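Working notes, structure below.
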Amino acid sequence: MLQLQFIRDNKEEVITRLKVRNIDATSVVEEVIALDEKRRTLQSNLDNTLAQSKKLSNEIGDLFKTKQVDKANELKAQSLVLKEESKSLGENLNITAEKLQSLLYTIPNLPHPSVPAGNSDQDNEEIFKEGEVPTLIKGALPHWELAKKYDIIDLDLGAKITGAGFPVYKGKGARLQRALIAYFLDQNTQAGYTEYQVPHLVNETSGYGTGQLPDKEGQMYHIGEDNLYLIPTAEVPITNFFRDQLLAEKDFPICCTAYTPCFRREAGSYGAHVRGLNRLHQFDKVELVRVEHPDNSYKALDGMVAHVQELLRELKLPYRILRLCGGDLGFTAALTFDFEVYSTAQERWLEVSSVSNFESFQANRLKLRYKNESGKNVLAHTLNGSSLALPRILAGILENYQTEDGIQIPEVLVPYTGFDKID
RNA sequence: GGAGAAAUGGCAGAGUGGUCGAAUGCGGCAGUCUUGAAAACUGUUGAGGGUCACACCUCCGGGGGUUCGAAUCCCUCUUUCUCCGCCA
């Protein structure tokens, strides 16, 4: 959520910067400003009424103390009139404030100046590319075929017990999955991130805090009976740790990491590109979350990018880094770098990480602030990134590391898997 | 699931109808003393709205109610603790 004060003071800038997202925010911004003005007028009228009735109440108290009952009753009648007045002003104020709030919820974050204009993922800007695309053996297979051939992932079994998009990992497949999780967590904790295990269900307030609600309502699995949501990413529980927090400057940086399964309904996304592990309803992911001082958040973002880069380097997977264009940028993000691994047998890039700076957008919803040097409370910045999303990494490993007589395990993982080949 | 107790400022903890935004302690900040530090002493220290700045208003877990007036009384929800039951 953008800060109201900022919108008020920088109306034109807000409109201009949102154009990078292909959004014409003119009318929304106008309406926000109009509603805010209305709200403040109502507030000040209500304040005055309340001040009067407060004064009256004190007088009544004094009159009772000095036994001037008649006089007191007279003032009581006056007070009742004011009460009616403040009640209707209060109702009006609430309606206006709610309208304003829900309107503010519809405005996405302002893109960072470096975000290129563009409509779709076609317009994302490739900023870095590294790693060799292996020359595959004759008769190389896509990962879903390999999964069957070596009996390590069973999509049909998952479909039988739950539905499509819920894979079952088996034997060395399951072990490789566990190895990847352990490897990523170890690398992250070594880089200074504190490891957490968190609930996989969150309440509605948390959904609003990180911006999944109200705009991505349909993307999360919802448990109506208890009004809880299955987390689409560990970002949601972790970032919400810091909801309603007032930090000190010395608390920065806060660095968290967690492994969780992620649940996504992915309503409406079907087609040729969702085969195998490419797009699932449940997948595993290790996540990084940082809470930063605003002056340091972009440096922190660079640090996270470098960290994720190192993981991919160690796994010796060919990857590239994209700067997302305005049209592809998530609702809450100011700047996002996507990491994609080249899946050789499918001959396509797979997104394995997304690293973003949300600046104060989430912090504003979360009321996550810190006390600065001069004692003022200022919104902190939040960031997050995947390190990494498991299924697509697994797909990349299976496809890129396949040989005549089995699938090689990347060297760094062997201590974790206990085997160096799936055959 | 049943029964009871509780929820107050960064923390601890008073406050049961009227100048209570809230005693006190700790912590934080500033100062005195000191070569410096500690100790001691003095002062200061919640958040939001509003204003050029004041004024002023709101907030004592959330929501609703009683009253001229609520941290204080009533209803309700949530959470925590204790006891009982069930259970990985």
Side-chain angles (χ1 to χ4, degrees), chain A residues 1-9 32-105 197-209 213 223-229 237 240-252 254 291 293 360 363-380:
Chain A
M1 192 164 61
L2 297 178
Q3 287 176 266
L4 187 53
Q5 186 70 46
F6 185 86
I7 299 177
R8 228 195 283 169
D9 297 342
V32 162
I33 289 172
L35 276 171
D36 179 50
E37 247 158 58
K38 189 178 173 194
R39 198 206 87 228
R40 280 183 302 164
T41 308
L42 285 168
Q43 181 78 62
S44 117
N45 289 346
L46 176 63
D47 285 359
N48 289 334
T49 313
L50 287 173
Q52 280 181 57
S53 74
K54 207 171 170 179
K55 216 169 131 194
L56 225 69
S57 291
N58 285 334
E59 284 173 29
I60 292 168
D62 289 341
L63 288 174
F64 273 122
K65 268 182 210 154
T66 53
K67 312 272 189 217
Q68 294 174 263
V69 178
D70 289 349
K71 191 88 202 266
N73 284 329
E74 214 172 284
L75 294 188
K76 264 197 196 181
Q78 278 184 47
S79 181
L80 278 170
V81 176
L82 288 174
K83 200 179 168 183
E84 280 304 309
E85 206 177 314
S86 59
K87 198 178 164 190
S88 88
L89 279 169
E91 276 165 10
N92 216 332
L93 176 67
N94 281 343
I95 293 168
T96 309
E98 259 167 49
K99 256 195 221 161
L100 177 61
Q101 182 68 21
S102 54
L103 207 59
L104 279 173
Y105 272 134
Q197 285 208 21
V198 300
H200 299 163
L201 294 164
V202 292
N203 58 30
E204 203 178 358
T205 314
S206 295
Y208 274 94
L213 294 175
I223 300 178
E225 201 173 354
D226 301 291
N227 196 23
L228 294 171
Y229 292 86
N240 273 283
F241 288 172
F242 306 101
R243 172 152 38 85
D244 296 319
Q245 286 264 299
L246 184 59
L247 304 168
E249 289 211 34
K250 65 172 163 46
D251 295 333
F252 295 122
I254 297 174
V291 181
H293 189 286
S360 61
N364 193 29
R365 289 193 179 189
L366 294 161
K367 291 200 181 67
L368 164 53
R369 297 161 304 166
Y370 69 95
K371 208 173 261 303
N372 73 8
E373 277 172 358
S374 48
K376 281 206 67 153
N377 296 335
V378 185
L379 293 175

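Because the structure is predicted, anything quoted here is derived from the model rather than measured. Order of the sequence lines fixes the chain letters, A, B, ..., with proteins taken first and strands second; residue numbering starts at 1 for each chain.
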task = Counting Watson-Crick and G-U wobble pairs only, both distances under 3.5 Å, name the nucleotide matched with B:rA55, or none.
result = none
ask   = For A:N227, what residues pass the side chain to side chain contact (heavy atoms under 4.5 Å, CB included) criterion, not counting sequence neighbours?
value = A:E204, A:H222, A:Y229
Report, one line per pair, each donor and acceptor closer than 3.5 Å where one atom sits in a side chain of residues 90-105 of chain A; sequence neighbours left out.
from, atom 1, to, atom 2, distance (Å)
A:T96, OG1, A:N92, O, 2.8
A:S102, OG, A:E98, O, 3.2
A:S102, OG, A:K99, O, 3.1

ask   = B:rA88 pairs with which nucleotide, Watson-Crick or G-U wobble, both distances below 3.5 Å?
value = none
ask   = Is B:rA3 paired to anything, Watson-Crick or G-U wobble with both distances less than 3.5 Å, and if yes, which nucleotide?
value = B:rU82
request  = List the steps and the verdict of side chain to side chain donor-acceptor pair (under 3.5 Å) for A:N48 and A:Q52.
outcome  = CA-CA 6 Å; A:N48 289 334; A:Q52 280 181 57; over 6 Å; no
inquiry  = What's the gap between B:rC11 and B:rA37 when it is taken at their C1' atoms, as a whole Å value?
reply    = 26 Å
ask   = Base, sugar-phosphate, or nothing for A:N73, non-hydrogen atoms under 4.0 angstrom?
value = nothing
Show me the protein contacts with nucleotides 17-19 of chain B, counting only N or O atoms at under 3.5 Å.
from, atom 1, to, atom 2, distance (Å)
B:rG18, N2, A:S57, O, 2.8

query = Looking only at atom P, what distance separates B:rC20 and B:rU24, rounded to whole Å?
reply = 13 Å
task = Under a 3.5 Å limit for both distances, which nucleotide forms a Watson-Crick or G-U wobble pair with B:rU19, could you say?
result = none
Partners meeting ring pair (Phe, Tyr, Trp, His ring centres under 6.0 Å) with A:F6 (sequence neighbours left out) = none
request  = Can you tell me which residue pairs pass the side-chain hydrogen bond (donor to acceptor under 3.5 Å, both in side chains) test with a partner in residues 73-89 of chain A, sequence neighbours excluded?
outcome  = none
request  = Could I get the full list of side-chain hydrogen bond (donor to acceptor under 3.5 Å, both in side chains) partners for A:N203, not counting sequence neighbours?
outcome  = A:S206
Separation between the P atoms of B:rG15 and B:rC87, rounded to whole Å = 43 Å
message = Once you apply a heavy-atom cut-off of 4.0 Å, does A:K54 come out as touching a base, just sugar-phosphate, or nothing?
response = sugar-phosphate
inquiry  = Strictly by Watson-Crick or wobble contacts shorter than 3.5 Å, is anything paired with B:rG61, and which nucleotide is it?
reply    = B:rC77
request  = Write down the partner of B:rG69 under the Watson-Crick or G-U wobble criteria, each distance required to be under 3.5 Å.
outcome  = none
message = So, OP1 or OP2 of B:rU45: does either fall under 4.0 Å of a side-chain N or O from A:K371?
response = no
request  = Would you tell me if any nitrogen or oxygen in the side chain of A:R369 comes within less than 4.0 Å of OP1 or OP2 on B:rG46?
outcome  = no
key: Euclidean distance for P, B:rU45 against B:rA23 (whole angstrom)   = 11 Å
inquiry  = Between B:rU44 and B:rG25, how far apart are the two P atoms, rounded to whole Å?
reply    = 13 Å
inquiry  = Closest approach to the side chain of A:L50, judged atom by atom: which nucleotide of B:rU58, B:rG69, B:rC56 is it?
reply    = B:rU58
request  = Using the C1' atom on both, measure B:rG63 against B:rA7 and round to a whole Å.
outcome  = 16 Å
ask   = Given the C1' atoms of B:rC59 and B:rG27, what is the spacing between them in whole Å?
value = 23 Å
task = Indicate yes or no for a side-chain donor-acceptor contact from A:D251 to the backbone of A:A248 under 3.5 Å, with no hydrogens or angles considered.
result = yes
ask   = Mind checking the P distance from B:rG65 to B:rG2? Whole angstroms is fine.
value = 28 Å
Opposite nucleotide pairing with B:rU42, Watson-Crick or G-U, both atom distances under 3.5 Å = B:rA30
Nearest-nucleotide 5' precedence on RNA chain B, A:N94 against A:L75 = A:N94
Just the atom pairs and distances: protein N or O near nucleotides 50-53 of chain B's N or O, under 3.5 Å.
from, atom 1, to, atom 2, distance (Å)
B:rG50, OP1, A:R8, NH2, 3.1

ask   = Which residues satisfy the side-chain hydrogen bond (donor to acceptor under 3.5 Å, both in side chains) test with A:Q197, sequence neighbours excluded?
value = none
Show the atom names and distances, to 0.1 Å, of all donor-acceptor pairs under 3.5 Å that link a side chain in residues 363-372 of chain A to residues at least two apart or in another chain.
from, atom 1, to, atom 2, distance (Å)
A:N364, ND2, A:M1, O, 3.0
A:N364, ND2, A:L2, O, 3.2
A:R365, NH1, A:Y208, O, 3.1
A:R365, NH1, A:L213, O, 3.0
A:Y370, OH, A:H293, NE2, 3.3
A:K371, NZ, A:N377, OD1, 3.2
A:N372, OD1, A:S374, N, 3.0
A:N372, OD1, A:S374, OG, 3.1
A:N372, OD1, A:G375, N, 3.1
A:N372, OD1, A:K376, N, 2.9

